[in-house]
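Bear in mind the structure is a predicted one, so any value in this text is a computation, not a measurement.
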Amino acid sequence: GEDVEQSLFLSVREGDSSVINCTYTDSSSTYLYWYKQEPGAGLQLLTYIFSNMDMKQDQRLTVLLNKKDKHLSLRIADTQTGDSAIYFCAERGEGSSASKIIFGSGTRLSIRP
Amino acid sequence: DTAVSQTPKYLVTQMGNDKSIKCEQNLGHDTMYWYKQDSKKFLKIMFSYNNKELIINETVPNRFSPKSPDKAHLNLHINSLELGDSAVYFCASSREFGELFFGEGSRLTVL
């Protein structure tokens, strides 16, 4: 079945760039998403990329997609303390898999002063 | 205006009890979902409804029964609660094949 994997923890210094990586198994993925979850809150969509794109930039966020390797990354430039959260990678398939979004385990990003 | 709202936000109950969580969305979306997030933050889809019709029913015990009275509401009823049901339950909605909008979650603790 479909699977999405991420490393569980990342620690970066304030002001540095954070890069969160994700791999997925479903080669028919149509959309790939990055969600952010702050403590005690629901998940908020940060950005998404369509599978026929290889890069998307949105202010401090850059998404890179390597469809051949089924690898997705999220780069956060100039990381701030407010970026501390859990970041979830997610994918939506096509056909019979299009009706659900599968989430990775989440990467907990912590910021060092 | 809250886009996806769930009630209650916290629920503490004894094993064996029956409880319900309600969800409403005012985004005009056709599809609604229930996800379960465990203590390790893993997020797993349980159910999805599209226009009141059940379209996803993952491997979930029969004790869990979703109900969608209309496309803006999706409720989750749980019978005979067990310790392992303790989790945060998230409701979400989307346009068909669009991104998910999540509620704030309902934290269920079974004692």
Side-chain angles (χ1 to χ4, degrees), chain A residues 1-10 20 22 24 26 28-51 56 58 61 63 72 84-110, chain B residues 2-10 21 23-25 27 29-51 53-60 66 68 74 87-107 109:
Chain A
E2 312 94 344
D3 196 19
V4 179
E5 293 193 356
Q6 306 175 235
S7 52
L8 293 179
F9 300 99
L10 178 66
I20 304 171
C22 169
Y24 59 97
D26 186 356
S28 66
S29 291
T30 52
Y31 286 94
L32 294 122
Y33 306 87
W34 283 104
Y35 281 83
K36 177 182 181 183
Q37 184 180 29
E38 295 181 359
L43 281 75
Q44 286 181 294
L45 179 69
L46 278 180
T47 187
Y48 67 92
I49 189 167
F50 189 51
S51 58
K56 181 177 180 182
D58 183 1
L61 305 179
V63 178
L72 182 75
S84 291
I86 302 176
Y87 291 81
F88 290 90
C89 166
E91 64 95 17
R92 186 190 285 281
E94 66 175 1
S96 60
S97 299
S99 54
K100 61 183 175 183
I101 293 181
I102 305 295
F103 284 81
S105 54
T107 299
R108 189 181 293 272
L109 176 64
S110 59
Chain B
T2 306
V4 181
S5 58
Q6 300 178 225
T7 53
K9 195 168 166 126
Y10 299 98
I21 308 171
C23 179
E24 176 181 2
Q25 55 96 3
L27 297 167
H29 289 163
D30 291 329
T31 310
M32 294 185 73
Y33 309 77
W34 279 112
Y35 278 83
K36 179 181 179 180
Q37 187 174 46
D38 64 22
S39 57
K40 293 183 180 170
K41 304 297 184 186
F42 294 132
L43 201 63
K44 192 160 182 211
I45 189 165
M46 300 172 70
F47 302 104
S48 175
Y49 273 74
N50 179 264
N51 276 319
E53 187 182 330
L54 182 66
I55 56 170
I56 296 172
N57 185 351
E58 292 292 285
T59 311
V60 177
S68 182
L74 179 63
V88 181
Y89 292 85
F90 284 101
C91 177
S93 72
S94 73
R95 279 185 292 270
E96 198 175 16
F97 309 139
E99 68 268 23
L100 298 180
F101 291 77
F102 282 86
E104 292 289 296
S106 296
R107 181 176 294 276
T109 304

Pick whichever of Ala41(A), Gly104(A), Ala90(A), Gly42(A) has the most heavy-atom pairs under 4.5 Å with chain B. Gly42(A)
Between [X] and [Y], is there a donor-acceptor pair closer than 3.5 Å when you use the side chain of the first and the backbone of the second?
X	Y	result
Gln6(B)	Cys91(B)	yes
Ser106(B)	Thr7(B)	no
Gln6(A)	Gly106(A)	yes

Between [X] and chain A, with a heavy-atom cut-off of 4.5 Å, which part of the residue counts as in contact: side chain, backbone, both or neither?
X	answer
Thr31(B)	neither
Leu100(B)	both
Ile45(B)	side chain
Lys44(B)	neither

With only heavy atoms counted, which part of Gln44(A) is less than 4.5 Å from chain B, the side chain, the backbone, both or neither?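 Contact with chain B is absent: no heavy atom of Gln44(A) under 4.5 Å.
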Interface moiety of Leu43(A) toward chain B, non-hydrogen atoms closer than 4.5 Å: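 It is both, since atoms from each part get that close.
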Neighbour count above 12 (heavy atom, 6.0 Å) for Tyr24(A) OH: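 For Tyr24(A), atom OH is crowded (more than 12 foreign heavy atoms under 6.0 Å).
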Check whether any side-chain heavy atom of Leu74(B) sits under 4.5 Å from a side-chain heavy atom of Phe47(B), and report yes or no.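 Side chain of Leu74(B) against side chain of Phe47(B), heavy atoms only: no contact under 4.5 Å found.
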Taking Phe88(A) as the fixed residue, which of Tyr33(A), Trp34(A), Tyr35(A) is the one that meets the side-chain contact (heavy atoms from CB on, under 4.5 Å) rule?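 Passing option: Tyr35(A).
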